[in-house]
Number of protein chains: 2
Amino acid sequence: MTSGLTERNKQRTRREMAEAAGRLFLERGYHATTVQDIADAADVSARTFFRYFPCKEDVITAIASASMDDAIDLLGGRSAKEPLGSVLTAMLTVALASVSENPDPVRAFQHMLRDTPALRGRWLEEQRKSRDRLAEALRPWFSDDSHPLAPHLVAGAAMLAVDEVITLWVDDRSVPDPLSLLDEALHILNGPLIFPGQP
Amino acid sequence: MTSGLTERNKQRTRREMAEAAGRLFLERGYHATTVQDIADAADVSARTFFRYFPCKEDVITAIASASMDDAIDLLGGRSAKEPLGSVLTAMLTVALASVSENPDPVRAFQHMLRDTPALRGRWLEEQRKSRDRLAEALRPWFSDDSHPLAPHLVAGAAMLAVDEVITLWVDDRSVPDPLSLLDEALHILNGPLIFPGQP
DNA sequence: GCAGTGTTGGCAGAATCTGCCAGGTTGACA
DNA sequence: TGTCAACCTGGCAGATTCTGCCAACACTGC
């Protein structure tokens, strides 16, 4: 059963390890945190850690996927008759919600990511997976005779906008509101950006 | 001296290690290849390997950066008076050159990458760095009063097109020519893709 | 309750990565 | 050409990451 005690215990253990890892990485850095430290903080053995995550780096993906998953799930409840632009902006607003709500922890986390190549790679890979899932979720908004790359390009453009907005926002404290910046980015992407003369 | 014997020996050692690693990864897989194997194939000690690359995964970046670097360097010799579209297509043609010229090794390498999360992360990180370098190289094509995100979004869109084209090409052997597919992707990105109604 | 399945912990061992030092090679100068 | 300083290399010890194995325990379904 998916709602049995065993399953709930596993989810709890997984969540506790991910939270402990995120906290310890922020406190003392990735390399200064051993798997034993994370296991101790989550009150399990180091051997159990590797049963939940293939390697130490992978614990970051449990954190990375969470935010985007909520946003992508939102598309399932939307009708394909709504304009693509509305559902995209609604989804990206959800994706940026945690950024607007508690900016300081997000900034610290992004700085930690930037300074840790081992984690950055996994983070980017998780982003890449979210891009593919988003493309799949957007398929109902495209007709059968549209180009096979179209959903992937739209999904990629959306993820690109979020990525660049966050990148700018993390280092520039004068950026007032990530959401309005995102809106500007989306409208630039919507215009003729490769061949400026040809609309 | 940058042209001394010592420097040339170092470059040769680095190249031999990268080539040996790429060959061994393809032959027997990433995890089945130890650093000792790579060092033996390049005729150095394992200790020396870690003097050239911070970790085993990083040997892949020496291969990843090469292709895009040539393409981006091409922008330095172009005038900012040329249309953005022309220089972008010229650059991306260079970037896809090795794909068109020897497709089979590139396909095998991409499959190996896809099946090896540890390498995929580093590959994506190198792609992300190339994106930033490309955005910087594109700056002359943007006026001072254009949006600060504009070069980054154009660079990101270009890299996105290449990425999705290669992803489709790797698995679908019916794709005739990656270059014409790239052209289609660029024109889709150039159109109103987020808000289809508003050009 | 009881058998069956699945999860956990501990241990041994391989592989990755680092600090350290001794020995050899290279490059600059006389 | 000879000498010295700087650098590169190899080897070793040790910490950490990650895996295979087995026994003990907890949960599930009857």
Side-chain angles (χ1 to χ4, degrees), chain A residues 1-18 20-22 24-25 27-62 112 115-123 125, chain B residues 1-18 20-22 24-25 27-62 112 115-123 125:
Chain A
M1 282 306 154
T2 54
S3 63
L5 180 54
T6 302
E7 187 61 25
R8 269 179 292 140
N9 279 337
K10 278 169 65 179
Q11 292 304 325
R12 184 171 50 82
T13 301
R14 185 184 181 83
R15 188 162 20 88
E16 279 175 4
M17 281 194 290
L24 291 173
F25 289 170
E27 281 175 10
R28 58 179 86 165
Y30 174 74
H31 292 292
T33 305
T34 69
V35 170
Q36 190 63 57
D37 293 336
I38 303 173
D40 289 345
D43 205 37
V44 293
S45 73
R47 186 67 187 84
T48 295
F49 177 91
F50 288 107
R51 285 205 179 85
Y52 282 81
F53 303 102
C55 64
K56 182 186 171 187
E57 300 173 356
D58 269 353
V59 74
I60 204 73
T61 65
M112 193 264 295
D115 298 339
T116 314
L119 292 183
R120 219 164 38 203
R122 293 302 167 129
W123 187 269
E125 201 192 332
Chain B
M1 282 305 158
T2 54
S3 63
L5 179 57
T6 302
E7 187 61 25
R8 269 178 292 141
N9 278 338
K10 278 169 64 179
Q11 291 304 324
R12 184 169 51 82
T13 301
R14 185 183 181 83
R15 187 160 22 87
E16 278 174 4
M17 281 194 289
L24 290 173
F25 289 170
E27 281 175 12
R28 58 178 88 163
Y30 174 75
H31 292 293
T33 305
T34 68
V35 170
Q36 190 64 56
D37 293 336
I38 304 173
D40 288 346
D43 205 37
V44 293
S45 73
R47 187 66 188 82
T48 295
F49 177 91
F50 288 108
R51 285 203 178 86
Y52 283 81
F53 303 102
C55 64
K56 182 186 170 188
E57 300 173 358
D58 269 354
V59 75
I60 204 73
T61 64
M112 192 264 296
D115 299 338
T116 314
L119 293 182
R120 219 163 40 204
R122 293 302 167 128
W123 187 270
E125 200 192 334

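Quick note on labels: first sequence line is chain A, next is B, and so on, each numbered from 1. Given the structure is predicted, the values throughout are model-derived calculations rather than measurements.
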- Take A/M112 and A/L119, measure what side-chain contact (heavy atoms from CB on, under 4.5 Å) needs, and give me the verdict at the end. CA-CA 9 Å; A/M112 193 264 295; A/L119 292 183; 3.7 Å; yes
- Task: Write down the atom of B/F49, the atom of B/C55, and the distance for their closest heavy-atom approach.
- Result: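 For B/F49 versus B/C55, the nearest heavy atoms are CE2-O, 4.1 Å.
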Would a 4.5 Å heavy-atom cut-off, applied to side chains only, mark [X] and [Y] as touching?
{"X": "A/R28", "Y": "A/L24", "answer": "yes"}
{"X": "A/K56", "Y": "A/F53", "answer": "no"}
{"X": "A/E57", "Y": "B/P117", "answer": "no"}
{"X": "B/Q11", "Y": "B/R8", "answer": "no"}

- Query: Does A/R51 have any side-chain hydrogen bond (donor to acceptor under 3.5 Å, both in side chains) partners at least two apart in sequence or in another chain, and if so, which?
  - Reply: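 Partners of A/R51 by the side-chain hydrogen bond (donor to acceptor under 3.5 Å, both in side chains) criterion come out as none, since no residue qualifies.
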Just how far is it from atom [atom1] of [X] to atom [atom2] of [Y], taken to the nearest 0.5 Å?
{"X": "B/R120", "Y": "B/I60", "atom1": "CZ", "atom2": "CD1", "result": "12.5 Å"}
{"X": "A/E16", "Y": "A/D43", "atom1": "CD", "atom2": "CG", "result": "8.0 Å"}
{"X": "A/Y52", "Y": "A/K10", "atom1": "OH", "atom2": "NZ", "result": "6.0 Å"}

In whole angstroms, how far is the [atom2] atom of [N] from the [atom1] atom of [X]?
{"X": "A/R12", "N": "D/dC27", "atom1": "CZ", "atom2": "C1'", "result": "14 Å"}
{"X": "A/L119", "N": "D/dT17", "atom1": "CG", "atom2": "C1'", "result": "14 Å"}
{"X": "A/R8", "N": "D/dT28", "atom1": "CZ", "atom2": "C1'", "result": "13 Å"}
{"X": "B/F50", "N": "C/dA15", "atom1": "CZ", "atom2": "P", "result": "12 Å"}

- Return the angle between end axes of the helix from C/dG1-D/dC30 to C/dA30-D/dT1, with five pairs used per end and rounding to 10°.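 About 30° separates the two local helix axes.
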- Near DNA chain C, under 4.0 Å by heavy atom, which residues of residues 27-42 of chain A?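 Those residues whose heavy atoms fall under 4.0 Å from DNA chain C, taken from residues 27-42 of chain A, amount to none.
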- Exceeds 12 heavy-atom contacts within 6.0 angstrom, atom CG of A/D115: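 Check passes, neighbour count above 12.
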Under 3.5 Å, which protein N or O atoms sit close to an N or O of nucleotides 3-9 of chain C? Give each pair with its distance.
residue, atom, partner, partner atom, Å
C/dT7, OP1, A/K10, NZ, 2.7
C/dT8, OP1, A/Y52, OH, 2.9
C/dG9, OP2, A/S45, N, 3.0
C/dG9, OP2, A/S45, OG, 2.9
C/dG9, OP2, A/T48, OG1, 2.3
C/dG9, N7, A/R51, NH1, 3.3
C/dG9, O6, A/R51, NH2, 2.5

- Strictly below 4.0 Å, heavy-atom distances to any atom of DNA chain D: list the hits from residues 53-61 of chain A, or just say none.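 Those residues whose heavy atoms fall under 4.0 Å from DNA chain D, taken from residues 53-61 of chain A in numerical order, are A/P54, A/C55, A/K56.
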- Query: Per the side-chain hydrogen bond (donor to acceptor under 3.5 Å, both in side chains) rule, which among A/T33, A/T34, A/D40 passes with A/Q36?
  - Reply: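 Going through the options one by one, the only one that passes is A/D40.
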- Can you sort out the partners of B/F25 under ring pair (Phe, Tyr, Trp, His ring centres under 6.0 Å), two or more places apart, ordered by chain and number?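 B/F25 satisfies ring pair (Phe, Tyr, Trp, His ring centres under 6.0 Å) with B/Y30 once adjacent residues are dropped.
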